[in-house]
Student: 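Once you've had a glance at the structure underneath, I'll fire off some questions.
Reminder, nothing fancy here: chain letters follow the sequence lines and each chain counts from 1. A quick note: this is a predicted structure, and the numbers were derived from the prediction, not measured.
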2 protein chains.
Amino acid sequence: MSDRSQFRAVGLKTTLPRLKVMEILENSGERHMTAEDVYKEMLNLKEEIGLGTVYRVLNQFEQAGLVERNNFESGSSVFEIKSDSHHDHLVCMKCGVVEEFFDPSIEAQQEKVAKMAGFQIAGHSLSIYGFCSDCQE
Amino acid sequence: MSDRSQFRAVGLKTTLPRLKVMEILENSGERHMTAEDVYKEMLNLKEEIGLGTVYRVLNQFEQAGLVERNNFESGSSVFEIKSDSHHDHLVCMKCGVVEEFFDPSIEAQQEKVAKMAGFQIAGHSLSIYGFCSDCQE
DNA sequence: ATCATAATGATAATCATTATCATCACCATT
DNA sequence: AATGGTGATGATAATGATTATCATTATGAT
Ligand SMILES: [Mn+2]
Ligand SMILES: [Mn+2]
Ligand SMILES: [Zn+2]
Ligand SMILES: [Zn+2]
């Protein structure tokens with residue numbers, strides 16, 4: 001479906017800033033961008049936008065379930081288009097590259113752990129920090 | 001060993017602020033405190049200290065391996081005395097209670113995932129968010 | 001085309017945290 | 001025990017990320 005109809009579906013007006021932010025998230029090589037990243041890319045593309053609008057729009061997209069926020073220990077949130085399938089992350093502490101993975105047995109064990117503790121799971125965040133193959137030694 | 005000798009072992013002078021911060025981390029019921037939490041508790045106990053000093057000292061303790069920092073998605077870091085054994089966390093999204101767990105099979109799977117991706121693991125952060133047994137319905 | 005309403009952007013404000021720096025306290029040495 | 005060099009402290013200002021405000025503007029239903 002088009003961004004236009006996506007927006008309509010979640011009750012957000014179709015505006016140029018929203019279209020542009022979504023377009024950047026979809027087309028930029030980076031799958032995990034900070035608000036600042038999006039803003040700078042916007043300027044690159046000669047688009048006018050306020051940084052505050054980028055933050056506001058990203059929050060709305062998150063609320064609406066269109067994007068996902070992740071907090072790697074970098075000080076600022078990163079956003080990515082929300083896909084139908086869940087995944088967790090491997091983060092390189094040198095070059096910053098982020099790899100995604102999904103491990104069914106880890107997911108299953110989390111359920112068990114939560115049940116054991118009497119917790120009703122709403123979500124989880126698993127980030128493995130280390131050095132990617134290009135950044136060792 | 002005493003805090004005094006712990007400090008000496010990592011090259012930190014034994015000062016009143018450091019002793020007090022460590023004491024609060026050891027004796028407060030809360031196992032996961034923000035810098036602000038520590039600061040307020042300090043004031044409760046009628047101790048003079050600057051908030052900046054709390055931040056500084058907590059960072060030094062972290063650097064020295066005496067305390068551990070965790071970033072639950074709350075906006076501010078929480079600190080706890082570093083224990084010899086690693087653990088991960090279950091965080092209640094309503095009352096904020098934090099439970100700790102250790103699951104060997106999850107730990108082992110993480111190693112496999114990292115190996116598969118060519119990553120050399122340095123650490124990881126797993127937080128399960130949900131509702132504790134007291135906060136459901 | 002009109003118009004109520006939602007959205008934008010410039011700006012100020014907030015929040016957590018860190019940097020500065022003059023003063024002070026710890027502790028090895030005398 | 002007194003001294004002195006160096007590390008530590010606390011008041012304050014600064015920073016970085018993010019959010020709030022609000023007058024102006026754009027959207028979309030009519
Ligand atoms: Mn991802
Ligand atoms: Mn813990
Ligand atoms: Zn790397
Ligand atoms: Zn609870």
Student: Checking only heavy atoms, does the side chain of B:Arg56 share a donor-acceptor pair with the base of D:dG10 at less than 3.5 Å?
Tutor: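 Counting by modelled atom types and ignoring angles, a donor-acceptor contact under 3.5 Å is found here.
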
Student: Nearest-Å distance, CD (A:Gln63) to C1' (D:dT19)?
Tutor: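 Between C1' of D:dT19 and CD of A:Gln63: 13 Å.
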
Student: Could you tell me the separation between the CZ atom of A:Phe7 and the C1' atom of C:dA6, rounded to a whole number of Å?
Tutor: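 Spelled out: CZ on A:Phe7 to C1' on C:dA6 is 15 Å.
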
Student: Looking just at side-chain N and O atoms, do B:Thr14 and B:Arg4 make a donor-acceptor pair shorter than 3.5 Å?
Tutor: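 No, no side-chain donor-acceptor pair sits under 3.5 Å.
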
Student: At 4.0 Å (heavy atoms only), tell me whether A:Ser76 reaches a base, stays on the sugar-phosphate, or touches nothing.
Tutor: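 Sugar-phosphate, no base atom in range.
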
Student: In terms of side-chain heavy atoms, does A:His89 have a donor or acceptor partner in A:Glu80 at a distance below 3.5 Å?
Tutor: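 A:Glu80 and A:His89 do have a side-chain donor-acceptor pair below 3.5 Å.
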
Student: Could you tell me how far apart B:Asn59 (CG) and C:dA19 (C1') are, to the nearest whole angstrom?
Tutor: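 B:Asn59 atom CG is separated from C:dA19 atom C1' by 12 Å.
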
Student: Take B:Lys13 and B:Leu16, find for each the nucleotide of DNA chain D with the closest heavy atom, and name the residue whose nucleotide sits nearer the 5' end.
Tutor: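 In this pair, the answer is B:Lys13.
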
Student: Quiz question: by atom type and distance under 3.5 Å, do the side chains of A:His87 and A:Glu99 form a donor-acceptor pair?
Tutor: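 The answer is no; no qualifying pair exists.
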
Student: NA contact type, B:Arg69, heavy-atom cut-off 4.0 Å: base, sugar-phosphate, or nothing?
Tutor: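 Result for B:Arg69 = nothing.
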
Student: Can you tell me the distance, in whole Å, between the CG atom of A:Leu51 and the C1' atom of C:dA12?
Tutor: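 Taking CG of A:Leu51 and C1' of C:dA12, I get 14 Å after rounding.
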
Student: Without decimals, in angstroms, what is the distance between A:Leu12 CG and D:dA26 C1'?
Tutor: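 Rounded to whole Å, this separation is 15 Å.
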
Student: Does any donor atom in the side chain of A:Asp88 or A:His86 lie under 3.5 Å from an acceptor atom in the other side chain?
Tutor: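 Looking only at side-chain atoms, A:His86 and A:Asp88 do form a donor-acceptor pair, the distance falling under 3.5 Å.
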
Student: Where the side chain of A:Pro17 is concerned, which of D:dT9, D:dG28, C:dG9 is the nearest nucleotide?
Tutor: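 Of the options given, the side chain of A:Pro17 lies nearest C:dG9.
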
Student: Give B:Arg8 one of three labels, base, sugar-phosphate or nothing, depending on what nucleic acid heavy atoms sit under 4.0 Å from its own.
Tutor: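 Here B:Arg8 touches no strand at all.
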
Student: Connecting only ILVMFWY residues whose side-chain heavy atoms lie within less than 4.5 Å of each other, what is the rest of A:Tyr129's hydrophobic cluster?
Tutor: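 Besides A:Tyr129, the hydrophobic cluster comprises A:Phe72, A:Val78, A:Val91, A:Met93, A:Val98, A:Phe131, listed by chain and residue number.
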
Student: Any side-chain N or O of A:Tyr55 less than 4.0 Å from the OP1 or OP2 oxygen of D:dT18?
Tutor: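 For D:dT18, OP1 or OP2 has a side-chain N or O of A:Tyr55 closer than 4.0 Å.
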
Student: Could you check A:Gly50 against B:Thr34 and say which one's nearest nucleotide on DNA chain C is further toward the 5' end?
Tutor: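 Closest to the 5' end, via its nearest nucleotide, is A:Gly50.
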
Student: Is any side-chain N or O of B:Arg4 closer than 4.0 Å to OP1 or OP2 of C:dC27?
Tutor: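 For C:dC27, OP1 or OP2 has a side-chain N or O of B:Arg4 closer than 4.0 Å.
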
Student: To the nearest Å, how far apart are B:Asn71 CG and C:dT17 P?
Tutor: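 It works out to 8 Å between those atoms.
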
Student: Judged by each residue's nearest nucleotide on DNA chain C, which is more toward the 5′ side, B:Gly75 or A:Glu48?
Tutor: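 Final value for this comparison: A:Glu48.
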
Student: Given atom CD1 of A:Ile49 and atom P of C:dT11, what is their separation to the nearest angstrom?
Tutor: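 For the pair A:Ile49 CD1 and C:dT11 P, the rounded distance is 16 Å.
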
Student: What is the distance, rounded to the nearest whole Å, between atom CD of B:Glu73 and atom P of D:dT18?
Tutor: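 Nearest whole value for this atom pair: 13 Å.
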
Student: From the list D:dT9, C:dT17, D:dT18, which nucleotide is the closest neighbour of the side chain of A:Ser77?
Tutor: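 For A:Ser77, the side-chain atoms sit closest to D:dT18.
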
Student: Under 4.0 Å between any heavy atoms, over every strand shown, what does B:Thr53 touch: base, sugar-phosphate, or nothing? Just pick one.
Tutor: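 Result for B:Thr53 = base.
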
